[in-house]
Chemist: 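Please see the structure below; I have some questions.
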Amino acid sequence: MKKILAVLTEELEKAFCVCGYDEKLAKVTLSNRPDLCDYQCNGAMAAAKQYKKAPIQIAGEVAAQLQNCDKFQSVQAVNPGFINMKISEEFLASYVGDMGKDDRLGCEPCESSRKVVMDYGGANVAKPLHVGHLRSAIIGETLKRICRFCGDEVIADVHLGDWGLQMGLIIVQLQEDQPDLVYFDTDYKGEYPQDAPFTITELEEIYPRASAKSKQDGAFKERAQQATLQLQQGYPPYRALWKHILQVSIVDLKKNYENLQVEFDLWKGESDAQDYIPDMISDMKEKGFLHESQGAMVVDVAQETDTKEIPPCIIQKSDGAVLYATSDLATLIQRKQDFAPDRILYMADKRQEMHFVQVFRAARKTGIVEENTQLLFKGFGTMNGKDGKPFKTRDGGVMRLETLIGEINQAVYEKMMENRSVSQEEAREVSRIVGLSALKYGDLSNQASKDYVFDIERFSSFEGNTGPYILYTIVRIKSILTKYYQQSSEQEEGVLLVPSHQSEKNLMLQLSKLNEVIETAYEELAPHRICAYIYELSDCFNGFYHDTKILGEEDQQKQKSYITLISITKKVLELCIELLGFQAPERM
RNA sequence: ACACUCGUAGCUCAGUGGAUAGAGCACUGGCCUCCGGAGCCAGGUGCGUGGGUUCGAUUCCCAUCGAGUGUACCA
């Protein structure tokens, strides 16, 4: 379905043309004075200079043209030159009614479907997921869903950190802890064991210990770097250990992402790109892009227009090892071969922006990625605690994601037990669903690029602009619909009648914005637009609910219209939360 | 030092080249013969500061102050 603003703009364009003005001036926007009108057009004021006429006169001429247009109830020219429009209630009701009949609720897929690789999640093997991974997962997941809904073919890749220094650190630490393992016996010639010599719990303990030690102990760090290099060069015992680390870790990661309802199509990692590196490097050398600088092999990516110094992109360290940028570049080669995407989108902490600037420029410069493939970095801000500083546990450590999720579910659970008599079991079950909405909505309702304050109390509240409040609204509608279909012989939705009071009209107006909002969220990659929309929609619904007796309505036609209206509201809310990555329970 | 981002209500956040800058929380008062009161209604304060462009700037530009982040072998 055409967006309602587009429909109205077309009418205005006709009117502007007839009056002899440029139709580009005819853009209709939502009214910022809902007390005066539903929609407005400010084009007459912009036209005033161009046509050397008073804006109010232009507005008046255009308004006069529109007096008989069936899309409008009224069109007025108001000083200094606003064109204020009230929408025809018949048109509004039929528009919203048509939305309800459409299985995409009036949202058309965009014309040019793109093939998109999305790189988010960014979990590191052998390290537990912590709050730092939360945003990438949550935002990436919703962007994936939004892009897919809008018609893109999206391939989501978790892109594990499975190849960096942390692997060397773990190997060296393991050697200190258990020097007798066969992996460290240089004379050992046999097969390496099938099973890992550690559990996930042990693994998760090893890394932070090794990492801390490497900061204190220079020799230890050097050995870790050496081990990393050996691993990268294919030294069999380290390869065997590395496989164990991966195997143990991925099982655990999958479980965690599943709890977050975050799904990936690909579980590739940095290691998968390694095979592409030798050719990539020799190609870069051949073409003259790669040169030695301070002992490292680099590609210069500085440009004359830069306002700041952009350091060269390091492809190979002075010790011969490769790094993050190298495998990201190699991954680009891999992705191009595997998918030939139109766009590659990275979700990562905005502090990594420089890295992506370097990689993107190096990729363009060396011809790894052509002009027709768009490279996009969507940086997100830090999750802070109530003190405004990066979120930490009480004792100052990094909080594990599992712990965080547990805490928010617990907060929701306690609220449910206070307010409603449900069984503990049901409350547990439902609190997981509601807790997830609290977590995701709390994050997504903020602009992704900004830092935000994470506040369990606030996010898990059932009041205000929160996930649980949205879910509550849906559950409430479900409850009414269930009652209606229990006591009524009617099983089908009816026709929407024109709104009989303001709150009903408000609800319809809000519903009619859906396709506009989804498109904006898609174009701007801005999930918070959807959050703002459904919050307002929930408010509109509650306003309508408050002054309409739905089940008590005696006029059958009217009642059926109400039922249809709230049913459309439910569908819209459900679509939106599905895009945001959570769903509503039956009761709460 | 340089660069980038951000300064909106007591707090957490939206928003826009246009009319009276919005929500939530918190605070105060109403509203249950009512489909879920986890609701509805009413009540106060704000665009860091100074310039500029514009008919019109909170929005665009410049300066200034403040905060955050980044500046080659970590990811």
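The structure presented is a predicted model; accordingly, all values stated were derived computationally and were not measured. Lettering follows sequence order; numbering is per chain, from 1.
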Chemist: Could you report the tightest heavy-atom contact between P311(A) and V301(A), atom names first, then the distance?
Modeler: O-CG2, 3.5 Å
Chemist: Show every donor-acceptor pair shorter than 3.5 Å between a side-chain atom in residues 47-60 of chain A and any protein atom, with sequence neighbours excluded, or say none if there are none.
Modeler:
from   : atom 1 : to     : atom 2 : distance (Å)
Y51(A) : OH     : D22(A) : N      : 2.9
K53(A) : NZ     : Y21(A) : OH     : 2.8
K53(A) : NZ     : E61(A) : OE2    : 3.2

Chemist: So what does S293(A) touch, heavy atoms closer than 4.0 Å: a base, only the sugar-phosphate, or nothing?
Modeler: base
Chemist: Restricting to side-chain hydrogen bond (donor to acceptor under 3.5 Å, both in side chains), what partner residues turn up for Q40(A), sequence neighbours left out?
Modeler: N32(A)
Chemist: Could you note down all residue pairs passing ring pair (Phe, Tyr, Trp, His ring centres under 6.0 Å) where residues 460-487 of chain A supplies at least one of them, sequence neighbours left out?
Modeler: Y469(A)-Y535(A)
Chemist: Give me the distance, rounded to whole Å, that separates C60(B) from U54(B) when you measure between the C1' atoms they each carry.
Modeler: 10 Å
Chemist: Are the side chains of N124(A) and Y207(A) in contact, using a 4.5 Å heavy-atom criterion?
Modeler: no
Chemist: Check nucleotides 10-14 of chain B for protein N or O atoms closer than 3.5 Å to its own N or O atoms and list the pairs.
Modeler:
from   : atom 1 : to      : atom 2 : distance (Å)
U12(B) : O2'    : R458(A) : NH1    : 3.0
U12(B) : O2'    : R458(A) : NH2    : 2.4
C13(B) : OP1    : V453(A) : N      : 2.6
C13(B) : O3'    : N446(A) : OD1    : 3.2
A14(B) : OP1    : Q447(A) : N      : 2.6
A14(B) : OP2    : K450(A) : NZ     : 3.4

Chemist: Is E353(A) touching bases, backbone alone, or none of the nucleic acid, heavy atoms closer than 4.0 Å?
Modeler: nothing
Chemist: Measure from CG on D455(A) to C1' on G24(B) and round the result to the nearest Å.
Modeler: 12 Å
Chemist: Could you work out the separation of A57(B) and G52(B) based on their C1' atoms and round it to a whole Å?
Modeler: 11 Å
Chemist: Got a salt bridge between D349(A) and R351(A), using NZ or NE/NH1/NH2 to carboxylate O under 4.0 Å?
Modeler: yes
Chemist: What's the CG-P distance between L290(A) and C73(B), to the nearest Å?
Modeler: 17 Å
Chemist: By the 4.0 Å heavy-atom rule, please label K317(A) as base, sugar-phosphate, or nothing.
Modeler: base
Chemist: Got a sec, which residues hit side chain to side chain contact (heavy atoms under 4.5 Å, CB included) with S293(A), two or more places apart in sequence or on another chain?
Modeler: H291(A), V298(A)
Chemist: Over all strands shown, is N79(A) touching base, sugar-phosphate only, or nothing at heavy-atom distances under 4.0 angstrom?
Modeler: nothing
Chemist: Sticking with atom C1', work out how far C4(B) lies from G39(B), rounded to a whole angstrom.
Modeler: 45 Å
Chemist: If a pair means Watson-Crick or G-U wobble with both distances below 3.5 Å, what does RNA chain B look like in dot-bracket form, with | marking bases paired to a different strand?
Modeler: (((((((..((((....[...)))).(((((.......)))))....(((((..]....))))))))))))....
Chemist: Anything under 3.5 Å between a protein N or O and an N or O of nucleotides 28-35 of chain B, put it in a table, one pair a line.
Modeler:
from   : atom 1 : to      : atom 2 : distance (Å)
C35(B) : O2     : I550(A) : N      : 3.2
C35(B) : O2     : L551(A) : N      : 2.6
C35(B) : N3     : T548(A) : O      : 3.3
C35(B) : N3     : I550(A) : N      : 2.9
C35(B) : N4     : Y545(A) : O      : 2.4
C35(B) : N4     : T548(A) : O      : 2.2

Chemist: Is there a side-chain contact between R361(A) and I310(A) in this structure, where contact means two heavy atoms from C-beta onward sitting under 4.5 Å apart?
Modeler: yes
Chemist: For C55(B), measure the glycosidic angle (O4'-C1'-N9-C4 for a purine, O4'-C1'-N1-C2 for a pyrimidine) and name it syn if it falls within 90° of 0, otherwise anti.
Modeler: anti
Chemist: Looking at RNA chain B, which of residues 159-171 of chain A put a heavy atom within less than 4.0 Å of it?
Modeler: G164(A), L165(A)
Chemist: Rounded to whole angstrom, note down the P distance from A23(B) over to A38(B).
Modeler: 23 Å
Chemist: Side chain of M354(A): nearest nucleotide among U71(B), C74(B), C25(B)?
Modeler: U71(B)
Chemist: Side chain of Q352(A): nearest nucleotide among A38(B), C73(B), A75(B)?
Modeler: A75(B)
Chemist: Between G37(B) and G22(B), how many Å separate the two C1' atoms, rounded to a whole number?
Modeler: 26 Å
Chemist: Just to be sure I understand the rule, does L36(A) reach a base, reach only the sugar-phosphate, or reach nothing, if contact means heavy atoms closer than 4.0 Å?
Modeler: base
Chemist: What is the distance from CD1 of I310(A) to C1' of G70(B), rounded to the nearest Å?
Modeler: 10 Å
Chemist: Check the distance between U69(B)'s P and K308(A)'s NZ and give it to me in whole angstrom.
Modeler: 15 Å
Chemist: Quick one about Q510(A) and N506(A) (side-chain donor to acceptor, distance below 3.5 Å, no hydrogens or angles considered), yes or no?
Modeler: no
Chemist: Please test E222(A) against Q226(A) for side chain to side chain donor-acceptor pair (under 3.5 Å), starting from the C-alpha separation and ending with a verdict.
Modeler: CA-CA 6 Å; E222(A) 251 174 60; Q226(A) 185 59 30; over 6 Å; no
Chemist: Partners of K478(A) by side-chain hydrogen bond (donor to acceptor under 3.5 Å, both in side chains), sequence neighbours excluded?
Modeler: E586(A)
Chemist: Kindly write out the residues that satisfy ring pair (Phe, Tyr, Trp, His ring centres under 6.0 Å) with H130(A), not counting sequence neighbours, or none if the list is empty.
Modeler: H133(A)
Chemist: Can you check nucleotides 53-63 of chain B for protein contacts, nitrogen or oxygen pairs under 3.5 Å, and list what you find?
Modeler:
from   : atom 1 : to     : atom 2 : distance (Å)
C55(B) : OP1    : K49(A) : NZ     : 2.3

Chemist: Would you find more than 12 non-hydrogen atoms of other residues, nucleotides or ligands less than 6.0 Å from E457(A) atom CD?
Modeler: no
Chemist: Which part of the nucleic acid does D300(A) contact within heavy-atom distance under 4.0 Å: base, sugar-phosphate only, or nothing?
Modeler: nothing
Chemist: Can you tell me how far C1' in U58(B) sits from the matching atom in U8(B), rounded to whole Å?
Modeler: 8 Å
Chemist: Are Y535(A) and the base of A23(B) stacked, counting only ring centres nearer than 5.5 Å and planes tilted under 30°?
Modeler: no
Chemist: Let's test your reading of the model: under 3.5 Å, does the base of A19(B) pair with the side chain of Q40(A) as donor and acceptor?
Modeler: yes
Chemist: What interatomic distance, in whole Å, is found between C1' of C34(B) and the corresponding atom of G29(B)?
Modeler: 22 Å
Chemist: Do other residues, nucleotides or ligands put more than 12 heavy atoms under 6.0 Å from the CD atom of Q502(A)?
Modeler: yes
Chemist: For the residue pair L471(A) and I577(A), establish whether any side-chain heavy-atom pair is separated by less than 4.5 Å.
Modeler: yes
Chemist: In terms of side-chain heavy atoms, does R529(A) have a donor or acceptor partner in Q447(A) at a distance below 3.5 Å?
Modeler: no
Chemist: For residues 430-450 of chain A, pull every pair meeting ring pair (Phe, Tyr, Trp, His ring centres under 6.0 Å), keeping only residues two or more places apart or in separate chains.
Modeler: none
Chemist: Side chain of T307(A) only, heavy atoms from C-beta on: which candidate in G39(B), C74(B), C4(B) is closest?
Modeler: C4(B)
Chemist: Any base atoms under 4.0 Å from D539(A), or only sugar-phosphate, or nothing? Heavy atoms, all strands.
Modeler: sugar-phosphate
Chemist: Could you tell me whether the side chain of N542(A) has a donor or acceptor atom within less than 3.5 Å of a complementary atom in the base of A38(B)?
Modeler: no
Chemist: Would F360(A) and F377(A) satisfy ring pair (Phe, Tyr, Trp, His ring centres under 6.0 Å), going step by step from the backbone distance to the final call?
Modeler: CA-CA 9 Å; F360(A) 291 174; F377(A) 169 65; 7.3 Å; no
Chemist: Using the P atom as the reference point in each nucleotide, state the distance between G51(B) and C13(B) in Å, no decimals.
Modeler: 31 Å
Chemist: Is it the case that over 12 heavy atoms from other parts of the model lie below 6.0 angstrom from the NZ atom of K213(A)?
Modeler: yes
